[in-house]
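All chains are named by letter (A, B, ...) in the order of the sequence lines, taking the proteins before the strands, and each is independently numbered beginning at 1.
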Number of protein chains: 2
Amino acid sequence: MLSEKTVERLSEYRRHLSDLQARGVTHVFSNLLAAETRVTAAQVRRDMMNLGLSGSTATGYSVSDLLEHLAGLLDHPHSTRVALIGTGNLGRALLAFFRARPGKAVIAMAFDSDPEKSNRVCCGCRVYPMDSLEARIREDEIRTAILCVPEQDANAVAQRLVNAGVTGILNFAPTRLKVGDQVYVDTMDISSVIEKVGYYAVRGTRAPGRK
Amino acid sequence: MLSEKTVERLSEYRRHLSDLQARGVTHVFSNLLAAETRVTAAQVRRDMMNLGLSGSTATGYSVSDLLEHLAGLLDHPHSTRVALIGTGNLGRALLAFFRARPGKAVIAMAFDSDPEKSNRVCCGCRVYPMDSLEARIREDEIRTAILCVPEQDANAVAQRLVNAGVTGILNFAPTRLKVGDQVYVDTMDISSVIEKVGYYAVRGTRAPGRK
DNA sequence: TCCAGCTTGTGACATAATTCACAACGTAAG
DNA sequence: CTTACGTTGTGAATTATGTCACAAGCTGGA
C-alpha cells in the first residue's frame, strides 16, 4: 500500500508525463521529472522503485511504461466515476472544472436536495434528487464521492454514502466526518488552508522542510 | 517556525475551541480536544508545548488563553485580508463561502480580466479589473492571495502578485507556480486529490499511518 | 490530613519520509 | 578497446513526525 504522499506525487508525475508524451518525448530521466515537480531526483527514483519500475542508465525511464503503470494504479473503473453531492456554488464549480479538464476522473452523477435544482442538467451533468442517492450509487457501483453539502448535513449524507457502498469521500465541508476506518476521507478545509497560507505569508517564508 | 502540519492542527483546534467557548465552556482537557479532532491527546499536549502554552492538571487548558494565543499566531492583519484573483465558477464559490462563513479571514478584493465581470460587485465583494491589481494590492498591503485563474495564466498572475508584495498564495490552478523561495504557495489540485481519494477508495482502506 | 484518580509536561522512543552517496551500468567519442 | 561522463538502484544516514509512558501536579472526598 502506497502512502498518501507517494500517491500525490504519482498523480503529479502523471500530469507531466502526459505532457511529455504529447510532445513526443519517449524517455525521461529522473532529474528532468524532478525539475518539473518539486521533488528531488532521488525521490523520483525511490518512487519508481516502490512501484517496481525500472529505467535504464542510458535512456532513463520509458514514458509510456510509466504512464501505463500509473494508469493501472490510479484509473480503476471504480475510482474514475465519481458522484457529486450538493450543487451549490462549489458543486457547480467542480462540475465545470471536471468538464473543462477531462482527465480520467469524471463526475458521473450529481445530487441535490433542493427540488428546484434536481431533475435537471447542470454543467452537462444530470442532477438527481437526494431520495435516489442510495439506489443510483449502488446501481452504478460508485465508490468515490465529492461532498459539497452544508456543514450541518455533511455527516448524515456521508453516512448514507457509506451505506450505499462508497469507500472514498472528498469532503469540502469544514467538519470531520465520522465514518468507519474502512472509508477513506480527505477533507479540504478552505478556511484552514487559508489560515495556513496566511501564517507563512506574514512570516515571509516557505514552511520548514520545503525545497 | 511551526511546521505546516502543526499549523493545520492549530487551525482545527481553534474551530473547536470557538465552539466550546460559544457553549460557555471555559476549560478543556487535551483528551477532549483530541477526541474532536483526529489526533491523540499526546499530540495536543505536544502542540501546546511547542506554542509555549501550559494548562493545569486539574482543569486542563483555558479556552480563552488558547484562543488568544492562536489568534496571535493566525490572525495577523496581513493575513486576514486576502485578495481573490479570478471570479469564474470557483472564484464565486469561494466568495460565497467566505461570506457565508465569516471567520477571521475575509476576501477584501477580487480581480477579473473580463471587463464584463470587473467593476461590479459579486457576492458582496467589489471586483476590479486586472490592470489595477498591483496598485490596489500595494495600497492595501495585501500579503495573501487566492489564485483561481486558468492554468495557462497562473504563473504570469502569480508573478504579478509577488511583485506587488504578496508572500502567500493559495493556488487552485493545477500547475506548479514558479515563484521565489520567500513566497509560500499551497496548491489545491482537485484532479490530484480526487485521484488520491479514488486510489484508497478502490482499496477499501484508510491510508497507512492514519488513525 | 491523606489518598485515589484524574491531569499535564516531557524525555525517550518509534515510525515515516526524504536525502545522501556510491557502486554498477551503458553509451559515445576517441 | 578504453576512457569519460552521466545515469540508475539502493543501503545507510538523516530529518521529520508522532507516540509512549511516567514523574509530578492538583483536587475532592473520606
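- As a whole-Å value, the separation of B:Leu33 CG from C:dT7 P is 14 Å.
- Listed nucleotides D:dT8, C:dA17, C:dT7 differ in distance to B:Phe29; the shortest reach to its side chain belongs to C:dT7.
- Using modelled atom types, no side-chain atom of B:Asp153 and backbone atom of B:Val157 make a donor-acceptor pair closer than 3.5 Å.
- Between A:Gln43 and the phosphate of C:dT19, there is a side-chain N or O to OP1/OP2 separation shorter than 4.0 Å.
- A side-chain donor-acceptor contact under 3.5 Å links A:Tyr200 to the backbone of B:Glu4.
- Candidate nucleotides C:dT8, C:dA17, C:dC20 were compared by shortest atom distance to the side chain of A:Ala42, and C:dC20 ranks first.
- When the C1' atom of C:dA21 is taken as reference, atom CZ of A:Arg46 falls 12 Å away, rounded to whole Å.
- The main-chain N or O of A:Lys178 is found under 3.5 Å from a side-chain atom of A:Asn155 such that the two form a donor-acceptor pair.
- Residue A:Thr6 is classed as having no contact, given no heavy-atom separation below 4.0 Å to the nucleic acid.
- Put simply, CG on A:Asp47 is 14 Å from P on D:dT10, counting in whole angstrom units.
- Near-neighbour residues of DNA chain D inside residues 49-62 of chain A, defined by a heavy atom below 4.0 Å, number-ordered: A:Met49, A:Ser54, A:Gly55, A:Ser56, A:Thr57, A:Gly60, A:Tyr61.
- Between the C1' atom of D:dG25 and the CZ atom of B:Arg45 lies a distance of 13 Å, rounded to the nearest Å.
- For B:Thr40, the listed nucleotide lying nearest its side chain is D:dT19; candidates were D:dA12, C:dT8, D:dT19.
- In this structure, CE of B:Met48 is placed 14 Å from P of C:dT10, rounded to the nearest angstrom.
- The side chain to side chain contact (heavy atoms under 4.5 Å, CB included) with A:Val82 is formed by just one residue from the set A:Val166, A:Ile107, A:Leu170; it is A:Ile107.
- Using a 4.0 Å cut-off, some side-chain N or O of B:Arg9 falls inside it from OP1 or OP2 of D:dG18.
- Every residue was checked against the salt bridge (charged side-chain N to carboxylate O under 4.0 Å, His left out) condition with B:Arg46, not counting sequence neighbours, and none meets it.
- A side chain to side chain contact (heavy atoms under 4.5 Å, CB included) with A:Ile85 is found for one member of A:Leu133, A:Ile146, A:Ile169 and no other, namely A:Leu133.
- Closest contact between the side chain of A:Asn31 and the listed nucleotides D:dT7, C:dA12, C:dT18 involves D:dT7.
- In the model, B:Glu12 has no side-chain atom that pairs as donor or acceptor with a side-chain atom of B:Thr37 under 3.5 Å.
- Taking atom CD of residue B:Glu8 and atom P of nucleotide D:dT17, one finds them 10 Å apart after rounding to whole Å.
- Computed from coordinates, the B:Leu2 CG to D:dT17 C1' distance equals 14 Å when rounded to whole Å.
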